[in-house]
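Working notes, beginning with the structure itself.
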Amino acid sequence: MEYNHKEIERTWSKYWSENQLYKVVEDPNLPKLYVLDMFPYPSGAGLHVGHPLGYIASDIYSRFMRHRGFNVLHPMGYDSFGLPAEQYAIETGQHPAVTTENNIKRYRSQLDLLGMSYDWSREVRTSDPKYYKWTQWIFLQFFNSWYNKKTNKAEPVKTLLQHLEEFGTKGLDAACTQQLSFTAEEWNTWPEEKKQQTLLNYRLAYRSESVVNWCPALGTVLANDEVKDGLSERGGYPVVQKKMMQWSLRITAYAQRLLEGLEQIDWSDSIKEAQRNWIGRSEGAIVNFYTPDQVPISIFTTRPDTIFGATFIVMAPEHDAVDQLTTDEFKRAVEQYRDYVKSRSERDRLADVKNVTGQFTGSYVIHPFSGEKIPVYISEYVLAGYGTGAIMAVPGHDSRDHRFAKKFGLPIKMVVDPGKPWDVDAETYEEKSGTSINSEFLSGLPVEDAISAIITEIERRGIGHRKVNFRLRDAVFGRQRYWGEPIPIYYKNGIPYPLPEELLPLELPQVDAYLPTEDGDPPLARAKEWYYTDDEGNKWPLETTTMPGWAGSSWYFLRYMDPANEKEPFSAAKEKYWKSVDLYFGGSEHSTGHLLYARFWHKFLFDLGFVTSDEPFAKLINQGMIQGTSAFVYRVKGQKKFVTFSKKDAYDTQSLYVDVNLVENDVLDIDGFKKWRPEFMDFEFETEDDGSYRVGREIEKMSKSKYNVVNPDHIVEKYGADTLRLYEMFLGPIELSKPWNTDGITGVYNFLKKYWRLHFDEAGNFCVKDEKPTDAELKTLHKTIKKVTNDLQNFSYNTCVSAFMICVNELTSQKCQKREVLQPLSVLLAPFAPHIAEEIYQRMNSGQSVLLARWPSWDEKLLEEDHVIYPVSFNGKTRFTLSLSKSLTSEEVEKAVLAEPKTAKYLNGKNPRKIIVVQGRIINIVI
RNA sequence: GCCCGGGUGGUGGAAUCGGUAGACACGCAGGACUUAAAAUCCUGUCUGCAGAAAUGCGGGUGCGGGUUCAAGUCCCGCCCCGGGUACCA
């Protein structure tokens with residue numbers, strides 16, 4: 001009987017689903033494990049082969065741990081709000097909910113083919129009002145909270161109100177937009193509106209001005225993704241940077257905790273490092289410089305020790321004080337420069353270091369220590385949002401300042417001695433080591449000491465103070481979009497108020513188009529009945545921006561615990577059982593976005609007592625990207641002829657993309673190609689000498705337009721899900737990015753066929769015997785159990801697959817068809833290739849599912865060797881091997897190797913200078 | 001630009017602690033079975049030189065240095081590719 005993947009996979013997926021074998025319920029008698037995939041955005045292109053890489057890996061791990069007695073929560077859902085659906089809606093007029101629903105159906109049917117062990121009863125969709133009701137509810141918790149730096153946690157606004165009523169801002173240490181100072185008496189006399197306005201300064205969800213990509217022609221804000229070279233991708237219109245009133249979440253309040261939390265979690269160092277850099281904690285000082293008219297300019301520096309080398313000041317062009325500082329003579333030039341900067345994205349401003357730009361304001365400040373007059377410039381390399389939006393430029397010790405000084409002919413002073421010859425005019429010395437020079441009282445001090453000495457002096461003189469600064473900015477939370485969660489806020493006389501909880505969910509309204517209004521308001525402003533009616537019957541306008549894509553994905557993992565709960569986002573009892581995600585699989589492209597926001601929300605929910613863990617994802621594994629391998633055919637220009645890859649250089653050709661699904665092992669399916677592109681029906685194909693037409697290859701991003709998107713469906717159809725699963729794991733280490741290439745897939749398909757044949761006799765009858773296995777057979781099995789178990793614990797899936805291949809190759813040559821060997825093997829294979837393993841296991845066990853089998857254990861005694869094959873090297877070059885008893889000591893090994901005749905040959909009469917014996921491993925003789 | 005990864009045969013990769021580089025596959029070449037094909041099985045396959053062969057000698061893990069008895073692995077300096085860079089998710 002031949003291995004028939006279609007029938008086997010159909011049979012068992014139906015069986016698992018009918019018997020609800022993947023359904024998971026809280027069971028206090030079993031240890032829990034929460035294994036999660038980053039849920040996909042259901043795009044119109046469907047699931048491609050890159051998606052399942054992580055899904056298969058997590059599924060294998062989930063199944064493995066179920067065999068080992070864990071109660072595993074392994075859910076799946078959809079991150080179904082997002083820009084592409086809205087873009088598609090703008091183009092076609094179809095409601096995003098409709099296209100999203102279709103895409104989800106397609107994803108689901110594709111996922112169903114892959115044999116995933118998801119408990120689908122827990123499915124979550126972020127665009128489902130039953131779900132986003134609770135996203136809105138969490139937003140209201142943010143709105144109704146403030147961050148108390150004294151208790152170091154978020155608290156309800158109620159406790160803030162009590163404090164303000166009793167003490168005003170005295171003794172208040174809160175995360176806020178602006179440092180305010182008022183007494184309790186003042187507060188208590190303020191009208192309601194002023195109080196509300198003031199509270200916004202402290203709320204964790206608040207409104208503030210932030211810079212956006214504004215496209216006047218489209219009347220909307222664009223994502224960075226939608227802007228190419230300063231023009232909108234859609235239409236090619238100019239894009240400018242514009243300040244806009246926006247909702248933000250005060251993530252900066254959590255900066256320190258987000259940084260410290262990284263210590264407790266098992267994530268790769270690179271992702272932790274990325275988060276650390278994103279948070280960007282730096283220690284330094286704020287220093288005030290004054291103009292002769294006593295106008296202060298406050299700067300932030302991490303190198304206050306270099307203050308004597310400060311030869312000019314640079315301010316962000318958007319800095320509030322620029323107008324005041326610009327002299328009449330420079331007004332025009334400054335205005336022009338500011339216009340130029342508006343056309344530049346933040347990334348352009350920071351990345352473009354070759355092109356140094358800036359403008360003198362006409363003003364000077366007095367250096368607080370030297371008393372010299374130093375000029376004030378504006379330049380795009382200083383950002384308004386970082387630090388104080390102004391820097392003291394020290395060209396001797398900062399490369400950006402150095403380039404600026406060179407360009408504008410400003411003095412460069414050396415104030416740190418590198419301890420080696422250095423031409424500071426040619427090159428800046430940036431390292432934070434050396435000794436202060438030319439710095440009055442700092443001279444002679446090492447950098448670290450100079451920093452503390454100067455800060456002490458700055459504080460003593462009252463011109464500044466020590467400061468810990470974070471690069472992290474508050475997270476802009478409003479989007480000028482339709483397809484997102486409506487923000488549950490209404491405005492009464494311009495003041496935002498939360499919608500009463502019982503009105504949630506605030507559902508997305510119907511609109512006539514998914515574009516901004518003519519006045520430039522977001523699409524929700526098109527809705528007719530978009531207002532809130534209060535108890536007195538007053539109608540108040542609702543917020544018209546929606547939440548960003550990351551809102552729903554910041555807490556979905558909690559909803560899986562209790563997805564149908566209508567009274568609360570999730571019950572305390574279920575949260576207590578599942579706690580947090582033990583193992584999270586996802587792409588490293590989310591390292592700073594989603595993973596930071598989710599940690600932030602989780603810490604906030606922890607502060608309010610809704611979750612009992614401080615970090616949401618204990619362990620994280622980043623799977624690599626799967627790239628496309630595009631294929632090309634070569635058309636001879638002007639002729640009805642294609643020429644094969646190796647002969648193309650003999651002609652003047654034009655390369656055309658060909659659908660990679662029509663190519664196998666670089667050989668084109670010519671008939672298939674003609675069917676796909678009927679216009680080439682009567683074309684001639686000049687082939688290789690063996691008669692095949694070979695395509696050219698190029699590795700690039702997987703994209704529909706390059707015809708290199710490989711859909712798992714075809715592969716599942718042709719080889720089956722088990723083969724696809726094994727193949728994706730066999731491709732290489734899970735964390736590595738790699739191009740997709742189906743060339744090797746026959747290797748794993750052959751392996752499954754070979755595995756299948758182990759259980760059948762010549763006549764094709766199922767044939768597993770109850771004979772006692774030989775020691776060699778047992779050794780083959782047990783070393784495989786050991787290897788696969790250990791490798792799975794290290795998430796080394798590719799080496800598991802080769803271990804299976806070695807095992808099956810050995811059992812085949814041993815002609816082993818014994819139950820005692822084959823039955824444990826089927827359990828080992830079940831997480832990887834569940835369908836075939838189930839078929840084999842059930843044939844051996846009359847009707848019990850392999851999913852319920854216990855994971856086999858290995859017997860170390862069966863694996864012990866009594867001899868070691870020592871490689872013998874001379875001066876590091878391996879010359880021969882020597883089999884010696886394992887029990888020999890180093891001295892005995894040394895004796896044995898010297899007694900070996902071959903040794904004399906390589907010694908060639910010389911005496912060994914040194915003999916290194918690593919017991920059980922290697923012998924190296926140094927001559 | 002900055003931050004984070006990666007680079008090993010024709011290809012994907014293995015080498016888990018610094019200890020025989022190339023496991024396991026793909027591809028390719030040759031062979032068996034077959035009228036033929038498919039399927040299956042066997043043999044070879046990093047590379048240069050010598051040899052009929054067994055084998056021997058040398059080179060070799062992106063490039064250039066270094067540490068070490070021993071480096072794909074550790075250190076220093078480069079090159080190339082991929083990801084992120086705050087409104088793609």
Side-chain angles (χ1 to χ4, degrees), chain A residues 2 38-41 43 79 81-84 87 210 212-213 221-227 246 268-274 276-278 280 346-354 381 385 399-400 471-481 548-550 553 587-594 596 622 624-625 627 665-666 699 701 727 730-733 735-739 741-748 750-751 753-754 757 790-791 794 796 798-799 801-806 809 869-881 913-916 918 921-927:
Chain A
E2 286 283 300
M38 285 184 188
F39 60 169
Y41 174 77
S43 89
D79 191 9
F81 271 134
L83 219 45
Q87 193 57 46
S210 51
V212 296
N213 298 311
V221 175
L222 298 176
N224 287 336
D225 237 40
E226 300 172 297
V227 184
Q246 300 259 39
S268 73
D269 289 338
S270 63
I271 294 272
K272 286 190 189 182
E273 196 55 28
R276 282 191 199 105
N277 289 331
W278 191 260
E346 191 178 299
R347 202 182 304 173
D348 293 338
R349 289 172 59 168
L350 291 177
D352 193 0
V353 294
K354 287 184 193 123
Y381 79 91
S399 58
R400 291 162 305 180
R471 203 179 71 101
L472 184 71
R473 300 200 292 252
D474 278 340
V476 177
F477 200 67
R479 296 289 183 269
Q480 321 283 308
R481 307 283 180 183
W550 52 270
S553 59
S588 57
E589 65 271 23
H590 299 283
S591 55
T592 47
H594 161 63
L596 198 66
N622 288 124
M625 254 205 0
Q627 295 148 313
N665 293 337
D666 294 348
I699 290 164
K701 195 175 167 176
Y727 184 59
F730 191 56
L731 275 176
E735 322 84 39
L736 279 190
S737 289
K738 50 228 145 193
N741 184 336
T742 48
D743 288 353
I745 200 162
T746 50
V748 287
N750 285 342
F751 156 73
K753 286 196 281 191
K754 206 165 173 182
R757 280 199 302 274
N790 288 337
D791 285 1
N794 293 323
S796 176
N798 55 330
T799 52
V801 179
S802 63
F804 282 126
M805 289 173 170
I806 292 168
N809 287 346
I869 296 170
Y870 281 98
V872 183
S873 309
F874 292 80
N875 290 341
K877 285 193 177 73
T878 307
R879 295 301 180 179
F880 59 88
T881 57
R913 280 200 292 140
K914 197 171 176 186
I915 299 176
I916 289 137
V918 183
R921 297 212 80 124
I922 196 170
I923 301 160
N924 190 15
I925 299 172
V926 187
I927 308 168

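Proteins get letters first, then strands, A, B, ... in listed order; numbering begins at 1 in each. Just so you know, these numbers use all the heavy atoms, side chains as well, and skip hydrogens, waters and symmetry mates.
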* Asked: Would you say a side-chain N or O of A:Asn750 is under 4.0 Å from OP1 or OP2 of B:U40?
  -> yes
* How far, in whole Å, is B:U35 from B:C26 if one measures between their C1' atoms? -> 31 Å
* Contact class for A:Phe730 (heavy atom, under 4.0 Å): base, sugar-phosphate, or nothing? -> base
* Structure fact -> For A:Asp474, the salt bridge (Lys or Arg N to Asp or Glu O under 4.0 Å) test, sequence neighbours excluded, returns none
Filtered N/O pairs between nucleotides 66-70 of chain B and protein, under 3.5 Å:
{"residue": "B:C69", "atom": "O2'", "partner": "A:Asn924", "partner atom": "ND2", "Å": "3.1"}
{"residue": "B:C69", "atom": "O2", "partner": "A:Asn924", "partner atom": "ND2", "Å": "2.7"}

* Take atom C1' in B:C88 and the same atom in B:G83, then report the distance between them in whole Å. => 14 Å
* **Donor-acceptor under 3.5 Å (A:Ser268 side chain, A:Ile271 main chain)** => yes
* Could you check which of B:C4, B:C24, B:G59 has an atom nearest any side-chain atom of A:Lys877? => B:G59
* Please state the C1' separation for the pair B:A89 and B:C79 - nearest whole angstrom. => 33 Å
* Asked: Has the side chain of A:Asn924 got a donor or acceptor atom that lies under 3.5 Å from a matching backbone atom of A:Ile916?
  -> no
* Which part of the nucleic acid, if any, lies within reach of A:His594 when heavy atoms closer than 4.0 Å are counted: base, sugar-phosphate only, or nothing? -> nothing
* Quick one: A:Asn809 CG to B:C24 C1', roughly how many Å, whole number? -> 9 Å
* For atom CG of A:Asp269, is the number of surrounding heavy atoms from other residues, nucleotides or ligands below 6.0 Å larger than 12? -> no
* Checking side chain to side chain donor-acceptor pair (under 3.5 Å) for the pair A:Lys754/A:Asn809: CA distance, chi angles, key distance, verdict? -> CA-CA 8 Å; A:Lys754 206 165 173 182; A:Asn809 287 346; 2.7 Å; yes
* Asked: Looking at B:G83, B:G59, B:G19, which one has an atom nearest to any side-chain atom of A:Met625?
  -> B:G83
* **Pairwise C1' distance for B:C28 and B:A86, with rounding to whole Å** => 50 Å
* When the distance from CG of A:Asn622 to C1' of B:G82 is rounded to whole Å, what number comes out? -> 14 Å
* Can you check the A:Lys738 NZ to B:G5 C1' distance for me, whole Å? -> 13 Å
* Asked: Does A:Ser873 reach the side chain of A:Ile922, with side-chain heavy atoms less than 4.5 Å apart?
  -> yes
* Asked: B:A86, B:C57, B:C24: which one has an atom nearest the side-chain heavy atoms of A:Met805?
  -> B:C24
* Roughly how many Å is it from NE2 in A:His590 to C1' in B:C87, rounded to a whole number? -> 16 Å
* Using the C1' atom in both, what is the distance from B:C69 to B:G18, to the nearest Å? -> 12 Å
* Of all of residues 471-481 of chain A, which get a heavy atom below 4.0 angstrom from RNA chain B, listed by number? -> A:Arg471, A:Leu472, A:Arg473, A:Gly478, A:Arg479, A:Arg481
What does the list of N/O pairs under 3.5 Å between the protein and nucleotides 75-77 of chain B look like, with a distance for each?
none

* Asked: Mind telling me whether B:G31 is syn or anti, cutoff 90° either side of 0?
  -> anti
* So do the side chains of A:Leu596 and A:Leu472 get within less than 4.5 Å of each other, counting heavy atoms only? -> yes
* Whole angstrom value for the distance that separates C1' of B:G56 from CZ of A:Phe880 -> 15 Å
* **First of A:Asp269 and A:Asn798 reached from the 5' end of RNA chain B, by closest nucleotide** => A:Asp269
* Looking at B:C26, B:U85, B:C57, which one has an atom nearest to any side-chain atom of A:Asp743? -> B:C26
* Asked: Can you find a side chain N or O atom of A:Lys753 that sits less than 4.0 Å from OP1 or OP2 on B:U40?
  -> yes
* Asked: Where the side chain of A:Arg879 is defined as all heavy atoms beyond and including C-beta, which of B:C88, B:G58, B:A86 is the nearest nucleotide?
  -> B:G58
* To the nearest angstrom, how far is A:Gln246 atom CD from B:A86 atom P? -> 15 Å
* Asked: Within the side chain of A:Lys738, is there an N or O that forms a donor-acceptor pair under 3.5 Å with the backbone of A:Pro733?
  -> yes
* Pick the P atom in B:G60 and in B:G1, then give their distance to the nearest Å. => 32 Å
* **Side-chain touch A:Phe751/A:Tyr727, heavy atoms, less than 4.5 angstrom** => no
* Asked: Got a donor-acceptor contact below 3.5 angstrom from the A:Asn622 side chain to the A:Glu735 backbone?
  -> no
* Asked: Once you round it to whole Å, what is the distance between P of B:U85 and CD of A:Glu273?
  -> 17 Å
* **Ring centre gap for A:Phe477 and A:Trp550 strictly below 6.0 Å** => yes
* For atom CZ of A:Phe874 and atom P of B:G19, their distance in whole Å -> 21 Å
* What residues, two or more places apart in sequence or in another chain, satisfy side chain to side chain donor-acceptor pair (under 3.5 Å) together with A:Arg349? -> A:Glu318
* Integer angstrom distance from the C1' of B:G9 to that of B:A25 -> 14 Å
* Give one of base, sugar-phosphate or nothing for A:Lys272, where a contact means two heavy atoms less than 4.0 Å apart. => nothing
* Which of the following nucleotides, B:A89, B:U20, B:G19, is nearest to the side chain of A:Tyr41? -> B:A89
* Nucleotide of B:U16, B:C24, B:G5 approaching A:Ile806 most closely (side-chain heavy atoms) -> B:C24
* **Residue closer to the 5' end of RNA chain B, A:Trp550 versus A:Ala274 (nearest nucleotide)** => A:Ala274
* Asked: Can B:C17 be described as syn, meaning its chi torsion is within 90° of 0, or is it anti?
  -> syn
* Structure fact -> Closest non-hydrogen contact found for A:Asn277 with A:Arg471 is O-NE, 3.2 Å
* Asked: Between B:U40 and B:U34, how far is it from one C1' atom to the other, in whole Å?
  -> 12 Å
* **Strand RNA chain B in bracket notation, Watson-Crick/G-U under 3.5 Å with | for pairs to another chain** => (((((((..(((......[....)))((((((.......))))))(((((....)))))..(((((..]....))))))))))))....
* Flag the pair A:Met805 / A:Val748 as yes when at least one side-chain heavy-atom distance between them is below 4.5 Å, and no otherwise. => yes
* To do: Remember a base hit wins even if backbone is also touched, and classify A:Pro733 as base, sugar-phosphate or nothing at under 4.0 Å, heavy atoms.
  => sugar-phosphate
* Report yes if at least one side-chain N or O of A:Arg757 is closer than 4.0 Å to OP1 or OP2 of B:C41; otherwise report no. => yes
* Under 3.5 Å, side chain of A:Arg481 to main-chain N/O of A:Pro548, donor-acceptor pair present? -> no
* **Which nucleotide in B:C87, B:C3, B:U20 has an atom nearest any side-chain atom of A:Asn277** => B:C3
* Proximity to the side chain of A:Lys754 - top-ranked nucleotide from B:G13, B:G58, B:C41 -> B:C41
* Quick one: are A:Val872 and A:Thr878 in side-chain contact, heavy atoms under 4.5 Å? -> no
* For A:Met625, does its backbone N or O pair with a side-chain atom of A:Ser737 as donor and acceptor, under 3.5 Å? -> yes
* Taking only N and O in the side chain of A:Arg347, is any of them less than 4.0 Å away from OP1 or OP2 of B:G1? -> no
